[in-house]
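Encoded as structure tokens, the structure appears first; notes follow it.
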Amino acid sequence: MAGYFELVDAPDGGYRLRMLDGAGNLMAISVTFPTKRAAVAGVTMAREIAGTGLVRDRSHDGAGSVIRDRVRPVSVPKEEAARRKKAPVAQEKLPAARGAVMR
């Protein structure tokens, strides 16, 4: 299952969004939005940024560089097991030798 957003009450009034992965693990928390409509617009913006935005490395040794390498998504063991269960490995059938009797 893909991740999802949750709309929650902000402690200081208004609303916040929580982004969770398919297993329900918290990935991000938004800024506070004044209305639900503004929060939904925030989801649209987050989707656009996630789909097209660059990753800027602001860590202590990153110096603001842009990370351009393709990064594979981190898989959660639970999701990986479900993926393997959905797509079982096909067993290879070997051709029988001519004249051989199959029992």
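For reference, positions follow the sequence shown, starting with 1. None of these values were measured; they are calculated from a predicted model. Just the heavy atoms: all of them, side chains too, but no hydrogens, waters or symmetry mates, feed the values below.
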Which atom pairs, donor and acceptor, lie under 3.5 Å between side-chain atoms of residues 9-17 and protein residues at least two apart or in another chain?
| from | atom 1 | to | atom 2 | distance (Å) |
| --- | --- | --- | --- | --- |
| Arg16 | NE | Thr32 | OG1 | 3.1 |
| Arg16 | NH2 | Thr32 | OG1 | 3.4 |

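- Residues satisfying the side-chain contact (heavy atoms from CB on, under 4.5 Å) criterion with Met45, sequence neighbours excluded, are Ile49.
- Residues Val31 and Met27 are members of one and the same hydrophobic cluster, defined by side-chain heavy-atom contacts under 4.5 angstrom among Ile, Leu, Val, Met, Phe, Trp and Tyr.
- The side chain to side chain donor-acceptor pair (under 3.5 Å) search around Ser59 returns Asp57, Asp61, not counting sequence neighbours.
- Closest approach of Tyr4 and Gly24 over heavy atoms only: OH-CA, 3.7 Å.
- Scored by the side chain to side chain donor-acceptor pair (under 3.5 Å) test, Arg56 finds no partners at all (sequence neighbours excluded).
- Listed by chain and residue number, Glu6 satisfy the salt bridge (Lys or Arg N to Asp or Glu O under 4.0 Å) test with Arg18 (two or more places apart in sequence, or in another chain).
- The side-chain contact (heavy atoms from CB on, under 4.5 Å) check on Thr44 picks up nothing, with sequence neighbours excluded.
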